[in-house]
J.: 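Once you've had a glance at the structure underneath, I'll fire off some questions.
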Amino acid sequence: MNSLLGENSYGARAGAIYSADVCFYIVISLIISLIIQGAGLTGDAAAYLGYFASPIAICITLALSTKYLKTPLRAAAPIKCAPKYYLIAILAVFGLLFAISPLNSLFVQLLQLCGYMPAQSALPSPEGWGMMGCLVVIALLPAAVEELLFRGSILYNANLGAGTVKSIFLTALLFSLYHGSVEQTIYQFICGCVFALIALRSGSVLPSMLAHFLNNGIIIVLNGLSVVDESGNLPMTTWGYALLIVCAALSLAGALAWLIIDKKPVRRGLDGETKSLFVWGGAGLLVMFLVWILGLFSL
């Protein structure tokens, strides 16, 4: 496998890991779908079971990439880092949730003007004890496995091959498409960029895991406590909402500035590595892009 990819082609490894994960994700999703139909599961039971497709696929991918692509998790996803990066992660999430989400809502409204119909939510109910289940399955589990994959194995190889700056945007693109959500495309891309920057600067996946968990968890808690309306907006006065957005924007800007001025080396990319990533990740990108297109036309 290494000779096929090229012994030192880190971009190819990043792309191959992504394509492999998408392949496993699609197959396991189909299997789980058949199980749900065969067992006659509906409602929250079916929703919960469906959320295990991605974690299972990622675990298989990480195991195989460790064995065959020389991408051990200990090297690709280190743990130790300075405590300040956890604070940066918290500031970044506050900014993302309350400054970037409104921009994403405007994107969805623009799509609706063009005839797009938002997909109905398939989330399990976050009310009552259901909130604990949602926090585990929708917040904690994805935060752990997705960060190990995207800000661990894929980012590790992309950074060594394509360089620091390109790897941030490339992994964010892969991360955004992987979710196949039309409504969250812009938001997830920006989150992917921020999480990648946090991981690269901290030298650890734990701060980005925290950011990922808080992002999903806060949304679940707000919905479970019925703090937001059907459109996901907080019931606040215009001035109160404007103040929240300004504070969130300043929080995100401060977190990014803190990360950017951090004295960490910026790796330059190697020739041909970006192309290799797209070549080997092309299968996964094509599949997820088709999923995105089907979602765009509500198919």
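Keep in mind that the numbers below use all heavy atoms, side chains included, and drop hydrogens, waters and symmetry copies.
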J.: How many angstroms lie between atom CD1 of Ile138 and atom CG of Leu135, to the nearest 0.5 angstrom?
T.: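 Taking CD1 in Ile138 and CG in Leu135, the distance rounds to 8.5 Å.
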J.: Can you name the one residue among Asn157, Leu155, Leu200 that meets side chain to side chain contact (heavy atoms under 4.5 Å, CB included) with Thr171?
T.: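 So, applying the side chain to side chain contact (heavy atoms under 4.5 Å, CB included) to Thr171 and each of Asn157, Leu155, Leu200, only Leu155 qualifies.
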J.: I'd like to know if Leu250 and Trp239 are part of one continuous hydrophobic network [Ile/Leu/Val/Met/Phe/Trp/Tyr, side-chain heavy atoms within less than 4.5 Å].
T.: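 They do not share one cluster, since no chain of ILVMFWY contacts under 4.5 Å joins Trp239 to Leu250.
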J.: Would you call the rings of His179 and Phe175 parallel, tilted or perpendicular, where under 30° means parallel and over 60° means perpendicular?
T.: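 Correct class here is perpendicular.
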J.: Which pairs, with at least one residue in residues 158-169 and sequence neighbours excluded, count as a side-chain hydrogen bond (donor to acceptor under 3.5 Å, both in side chains)?
T.: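 Passing the test, one end in residues 158-169: Asn159-Thr164.
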J.: Got Phe297 and Ile293 here, is their nearest side-chain heavy-atom distance under 4.5 Å?
T.: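 Of all side-chain heavy-atom pairs linking Ile293 with Phe297, at least one is under 4.5 Å.
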J.: Hey, could you give me the SG/CD distance between Cys191 and Gln184, rounded to the nearest 0.5 Å?
T.: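 So the SG of Cys191 and the CD of Gln184 are separated by 8.5 Å.
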J.: Among all residues two or more places apart in sequence or in another chain, which pass the ring pair (Phe, Tyr, Trp, His ring centres under 6.0 Å) test with Phe195?
T.: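 Phe195 satisfies ring pair (Phe, Tyr, Trp, His ring centres under 6.0 Å) with His212 only.
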J.: Between the main-chain N or O of Leu174 and the side-chain N or O of Tyr18, is there a donor-acceptor pair closer than 3.5 Å?
T.: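 Yes: the side chain of Tyr18 pairs with the backbone of Leu174.
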J.: Of all the heavy-atom pairs spanning Ala172 and Gly192, show the shortest one and how long it is.
T.: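 Heavy atoms only, the tightest pair is CB-C, 3.7 Å.
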J.: Linking directly or through intermediates, with side-chain heavy atoms under 4.5 Å: list the remaining ILVMFWY members grouped with Ile261, chain and number order.
T.: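 Grouped by the 4.5 Å side-chain rule, Ile261 forms a cluster of one, so the answer is none.
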J.: Are Met117 and Gln112 close enough that some pair of their side-chain heavy atoms sits under 4.5 Å apart?
T.: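 The answer is no; the side chains never approach within 4.5 Å.
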J.: Tell me, yes or no, whether the heavy-atom count around Met132 atom CE, taken from other residues, nucleotides or ligands under 6.0 Å, exceeds 12.
T.: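 Atom CE in Met132 is not packed in, count stays at 12 or less.
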J.: Would you mind listing the cluster partners of Leu286? Hydrophobic ones only (ILVMFWY), side-chain contacts under 4.5 Å, chaining allowed.
T.: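 Listed partners: Leu290.
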J.: With rounding to the nearest 0.5 Å, note down the distance linking CG in Leu160 to CG in Leu270.
T.: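 With rounding to 0.5 Å, CG (Leu160) is 8.5 Å from CG (Leu270).
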J.: Just to verify, what does Glu147 make a salt bridge (Lys or Arg N to Asp or Glu O under 4.0 Å) with, not counting sequence neighbours?
T.: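 Partners of Glu147 under the salt bridge (Lys or Arg N to Asp or Glu O under 4.0 Å) test: Arg151.
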J.: Can a donor-acceptor pair be found between the side chains of Thr185 and Trp292 at a distance below 3.5 Å?
T.: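 Trp292 and Thr185 do have a side-chain donor-acceptor pair below 3.5 Å.
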J.: Output, in order, the C-alpha distance, side-chain angles, deciding distance and verdict of side-chain contact (heavy atoms from CB on, under 4.5 Å) for Arg13 and Tyr10.
T.: CA-CA 5 Å; Arg13 293 180 192 178; Tyr10 293 103; 3.6 Å; yes
J.: Under a 4.5 Å cut-off applied to non-hydrogen side-chain atoms, are Glu273 and Leu277 in contact?
T.: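 Not touching, per the 4.5 Å side-chain cut-off.
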J.: Go through the structure and list residues passing ring pair (Phe, Tyr, Trp, His ring centres under 6.0 Å) with Tyr116, not counting sequence neighbours.
T.: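 Partners of Tyr116 under the ring pair (Phe, Tyr, Trp, His ring centres under 6.0 Å) test: none.
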J.: Any link between Leu30 and Val291 through a network of hydrophobic side chains (Ile, Leu, Val, Met, Phe, Trp, Tyr) touching at under 4.5 Å?
T.: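 Cluster IDs for Leu30 and Val291 match.
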J.: Can you run down the side-chain hydrogen bond (donor to acceptor under 3.5 Å, both in side chains) pairs that involve residues 46-63, sequence neighbours left out, and say none if there aren't any?
T.: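 Checked against side-chain hydrogen bond (donor to acceptor under 3.5 Å, both in side chains) - neighbours excluded - the pairs reaching residues 46-63 are Asp21-Thr61, Ser54-Tyr178.
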J.: How long is the span from the CD1 atom in Ile220 to the CG atom in Leu225, to the nearest 0.5 Å?
T.: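 So the gap between those two atoms works out to 11.5 Å.
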J.: Run the side-chain contact (heavy atoms from CB on, under 4.5 Å) check on Leu41 and Leu49 step by step: do they pass?
T.: CA-CA 9 Å; Leu41 298 176; Leu49 189 57; 3.9 Å; yes
J.: With a 4.5 Å cut-off on side-chain heavy atoms, are Asn223 and Glu127 touching?
T.: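 In short, these two side chains do not touch, never coming nearer than 4.5 Å.
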J.: Quick one, Tyr187 with Asn215, criterion side-chain hydrogen bond (donor to acceptor under 3.5 Å, both in side chains). Give me CA distance, side-chain angles, the key distance, then yes/no.
T.: CA-CA 11 Å; Tyr187 183 73; Asn215 179 80; 2.4 Å; yes
J.: Could you see if Met236 belongs to whatever hydrophobic cluster contains Ile100? Use Ile, Leu, Val, Met, Phe, Trp, Tyr and a side-chain cutoff under 4.5 Å.
T.: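 In one cluster with Met236: Ile100, yes.
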J.: Side chains of Trp280 and Ile17, heavy atoms from C-beta outward: is any pair under 4.5 Å?
T.: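 Counting from C-beta outward, Trp280 and Ile17 never come under 4.5 Å.
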J.: Please check this pair: side chain of Ser101 against backbone of Leu97, looking for a donor-acceptor N/O pair closer than 3.5 Å.
T.: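 Yes: the side chain of Ser101 pairs with the backbone of Leu97.
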J.: Which pair of non-hydrogen atoms, one from Ser208 and one from Ala199, has the smallest distance, and what is that distance?
T.: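 Answer, listing the atom of Ser208 first, then Ala199: OG-CB, 4.3 Å.
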J.: Do Ile186 and Leu103 come within less than 4.5 Å of each other through their side chains, counting heavy atoms only?
T.: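 Heavy-atom side-chain distance check fails, nothing below 4.5 Å.
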J.: When you measure from the side chain of Ser204 to the backbone N and O of Ser202, does any donor-acceptor pair fall under 3.5 Å?
T.: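 Here the side-chain-to-backbone pair does not exist.
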J.: Taking Thr66 for the side chain and Leu62 for the main chain, is one N or O donor matched with an acceptor at less than 3.5 Å?
T.: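 Looks like yes, one N/O pair under 3.5 Å.
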J.: Nearest 0.5 Å, please: how far is CD1 in Ile32 from CZ in Phe52?
T.: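 Rounded to the nearest 0.5 Å, the CZ-CD1 separation comes to 8.5 Å.
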J.: If you look at every heavy atom in Asn216 and Pro142, which pair is closest and at what distance?
T.: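 What the structure gives for the nearest pair is ND2-CB, 4.4 Å.
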J.: If you look at every heavy atom in Val182 and Gly295, which pair is closest and at what distance?
T.: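 Minimum heavy-atom contact is CG2-C, 3.6 Å.
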J.: Is it possible for you to say whether Leu110 and Leu296 belong to one hydrophobic cluster, with membership spreading through side-chain heavy-atom contacts below 4.5 Å?
T.: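 The answer is no; the residues belong to distinct hydrophobic clusters.
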J.: Using every non-hydrogen atom in the two residues, find where Gln188 and Ser176 come nearest and quote the distance to one decimal.
T.: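 Closest pair (atom of Gln188, atom of Ser176, distance): OE1-O, 3.7 Å.
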J.: Enumerate the residue pairs fulfilling ring pair (Phe, Tyr, Trp, His ring centres under 6.0 Å) with a member in residues 250-270, sequence neighbours excluded, ordered by first and then second residue.
T.: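 Ring pair (Phe, Tyr, Trp, His ring centres under 6.0 Å) check on residues 250-270 returns no pairs.
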J.: Considering only residues two or more places apart or on different chains, which pairs with a residue in residues 90-113 satisfy ring pair (Phe, Tyr, Trp, His ring centres under 6.0 Å)?
T.: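 As it turns out, the ring pair (Phe, Tyr, Trp, His ring centres under 6.0 Å) pairs with a partner in residues 90-113, which skip direct neighbours, are Phe94-Phe98.
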J.: Do the non-hydrogen side-chain atoms of Ser153 and Leu148 ever get within less than 4.5 Å of each other?
T.: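 No, too far: nothing below the 4.5 Å cut-off.
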J.: To the nearest 0.5 Å, tell me how far Ser33 OG sits from Ile28 CD1.
T.: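 Output value for this atom pair is 13.5 Å.
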J.: Under the side chain to side chain contact (heavy atoms under 4.5 Å, CB included) test, which residues partner Ala99, sequence neighbours left out?
T.: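 Partners of Ala99 under the side chain to side chain contact (heavy atoms under 4.5 Å, CB included) test: Ala248, Ala249.
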J.: Sequence neighbours excluded, which residues qualify as side chain to side chain contact (heavy atoms under 4.5 Å, CB included) partners of Leu256?
T.: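 Per chain and number, Leu256 pairs via side chain to side chain contact (heavy atoms under 4.5 Å, CB included) with Val194, Leu197, Leu252.
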J.: For the hydrophobic clusters of this structure (ILVMFWY residues joined by side-chain heavy atoms under 4.5 Å, transitively), does one cluster hold both Leu106 and Leu96?
T.: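 Yes, Leu106 connects to Leu96 through the hydrophobic network.
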J.: In a table with atom names and distances, give each donor-acceptor pair under 3.5 Å that connects a side chain of residues 77-88 to protein atoms at least two apart or in another chain.
T.:
from  : atom 1 : to     : atom 2 : distance (Å)
Tyr85 : OH     : Arg201 : O      : 3.2
Tyr85 : OH     : Asp262 : OD2    : 2.2
Tyr85 : OH     : Lys264 : NZ     : 3.3

J.: Taking all heavy atoms of Ala47 and all of Pro124, pick out the closest pair and write down the distance.
T.: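 Heavy-atom minimum between the residues: CB-CG, 3.7 Å.
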